[in-house]
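Since the model is a prediction, treat every value here as computed from it, not as a measurement.
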Amino acid sequence: MNLVRLIVEREYRARVRSKGWIIATVFGLIAIVGLNFAPTIADTVFGGRQVRIAVLDETAASMNASSGYLERLRADLVETLASGDPRYVVERASADREGMLAQVMSGAVDGFLLITEAGSQQAFKLTTLDTLGLAERSRLTSALSAARTFLDLEKRGIGGAEALALFRPVVLDTEVAGKGPDDGEIPGESWALTYVLVLLFYITLAIYGTYVAMGVIEEKSTRVVEIIISTVRPFQLMIGKVFGLGLAALTQYAVWVGAGFGLLAARGALSGLEVGAVSLRFADIDPWLLVAFAGMFALGFFSFAGLFAAGGSLVSRTEDAGQITGPITMVLVVVLFLAVYSMDNPESTGAVVLSMVPMTSPLIMFVRIAMGDPPAWQIVVSCVVSLTTILVLVWMAAKVFRAGILLYGRRMSVRAVVKAFR
């Protein structure tokens with residue numbers, strides 16, 4: 001046991017003190033700082049301009065002027081820029097069609113919206129000097145559709161409050177037979193958080209799995225390993241390398257995550273995050289979910305680290321690493337897709353089985369814990385399966401590693417691999 005600990009310390013210290021590790025960590029921190037300000041920069045550069053739209057509503061005379069399209073658009077288009085200024089400024093047209101066209105050409109307004117009668121319906125035409133962005137076009141179309149529906153209802157005698165009540169969402173109460181009310185609803189926040197953590201799991205393994213494989217290959221490429229093997233068993237060496245390299249990778253990752261939360265705290269955004277239309281409040285996160293993620297993350301990480309180590313032991317040159325890491329990464333992609341599909345029905349037969357199968361169990365069991373309530377015995381089985389998988393893969397890597405040393409300078413054949421396990 002002491003030898004394994006010494007190997008873990010040797011690998012860990014060697015990695016975290018290497019120039020490559022330090023440079024990668026620094027560049028990662030720079031990237032995190034850049035990503036922290038990326039939304040503001042992107043909004044400023046690609047979509048941060050204020051859009052002034054003049055509305056000439058020729059249908060206003062046929063309806064209540066206080067509830068025309070101009071007023072409805074003003075009430076709907078309330079988004080703001082990063083500076084706090086309104087994104088859309090909707091104003092009444094100050095001239096006729098020709099006069100407004102001239103204002104567009106001169107840049108006095110960004111767009112001229114003409115609303116006319118077309119039989120029993122209204123026709124909408126927006127004239128701009130430059131091509132309107134897809135997001136802005138979609139937003140204006142949505143606002144106009146909502147305004148038309150609202151005004152049509154108002155013309156039929158349905159007032160504003162009544163019109164809004166028509167679109168009130170339905171509340172569905174559910175229960176499980178024999179168990180009473182079912183509060184196991186999957187809110188958008190939980191779904192978004194689970195998806196983010198699953199994606200984080202995949203990115204970590206995709207990056208650092210190759211890191212472990214390259215470490216094993218580099219060890220084989222040096223003749224010093226022959227001296228080491230005379231002192232320790234291949235299994236001890238391999239388990240020390242897997243855990244040493246893995247801990248070095250996780251240390252780097254912890255530095256990045258810590259820096260990310262530090263920046264959030266500095267911005268005053270530590271209470272939550274905005275993920276698209278979903279708001280994530282850290283105060284609402286169940287601590288048990290984070291504990292489950294940490295445990296399953298560790299099991300999944302070292303399971304795939306063992307697989308990458310086993311793959312790395314098959315080759316002796318770093319140039320051949322892609323032949324091994326590529327297929328393993330594809331396996332990881334398949335596991336990611338299975339986990340995402342399991343999020344929609346975490347208690348399906350497929351999800352239950354896959355949560356207790358080697359390689360897929362850590363990630364899919366985490367999904368089941370986050371989105372459902374799996375029995376405790378299934379969680380225990382999943383953990384035991386994952387731990388067994390790690391030990392088996394490390395044992396296989398050690399066997400092939402030892403055979404590869406004896407075949408130094410020659411390629412590992414299928415026959416040599418099979419012989420190594422005898």
Practice prompt. Check salt bridge (charged side-chain N to carboxylate O under 4.0 Å, His left out) between R139 and all other residues, then give those that pass, not counting sequence neighbours.
Written response: D76, E79

Discussion item. Could you check whether any side-chain N or O of E91 sits under 3.5 Å from a backbone N or O of V55, counting only pairs where one atom can act as donor and the other as acceptor?
Written reply: no

Discussion item. For the residue pair Q122 / Y69, report whether a side-chain donor-acceptor contact shorter than 3.5 Å exists.
Written reply: yes

Item to complete: Verify the neighbour count for atom OH of Y341: are there more than 12 heavy atoms of other residues, nucleotides or ligands below 6.0 Å?
Response: no

Practice prompt. Would you mind reporting whether V242 and F302 have side-chain heavy atoms less than 4.5 Å apart?
Written response: yes

Worksheet entry | Side chain proximity check, V291 to F293, heavy atoms < 4.5 angstrom | no

Worksheet entry | L363 versus L336, closest heavy-atom pair with distance | CD2-CA, 4.4 Å

Practice prompt. May I ask you to test the L73-L144 pair for a side-chain heavy-atom distance under 4.5 Å?
Written response: yes

Practice prompt. Examine Y12 together with F243 and report whether their ring centres are nearer than 6.0 Å.
Written response: no

Worksheet item: What is the ring orientation for F297 with F201, classed by angle as parallel under 30°, tilted 30 to 60°, or perpendicular over 60°?
Response: perpendicular

Discussion item. When you compare the side chain of I53 with that of V109, does any pair of heavy atoms fall below 4.5 Å?
Written reply: no

Item to complete: Would you tell me whether S382 and S355 have side-chain atoms, one donor and one acceptor, within less than 3.5 Å of each other?
Response: no

Fill in: Where at least one partner belongs to residues 367-381, residue pairs that pass salt bridge (charged side-chain N to carboxylate O under 4.0 Å, His left out), sequence neighbours excluded
E347-R368

Fill in: 4.5 Å side-chain heavy-atom contact, L140 and L77
yes

Worksheet entry | Given M296, Q378, M356, the one that forms side-chain contact (heavy atoms from CB on, under 4.5 Å) with C383 | M296

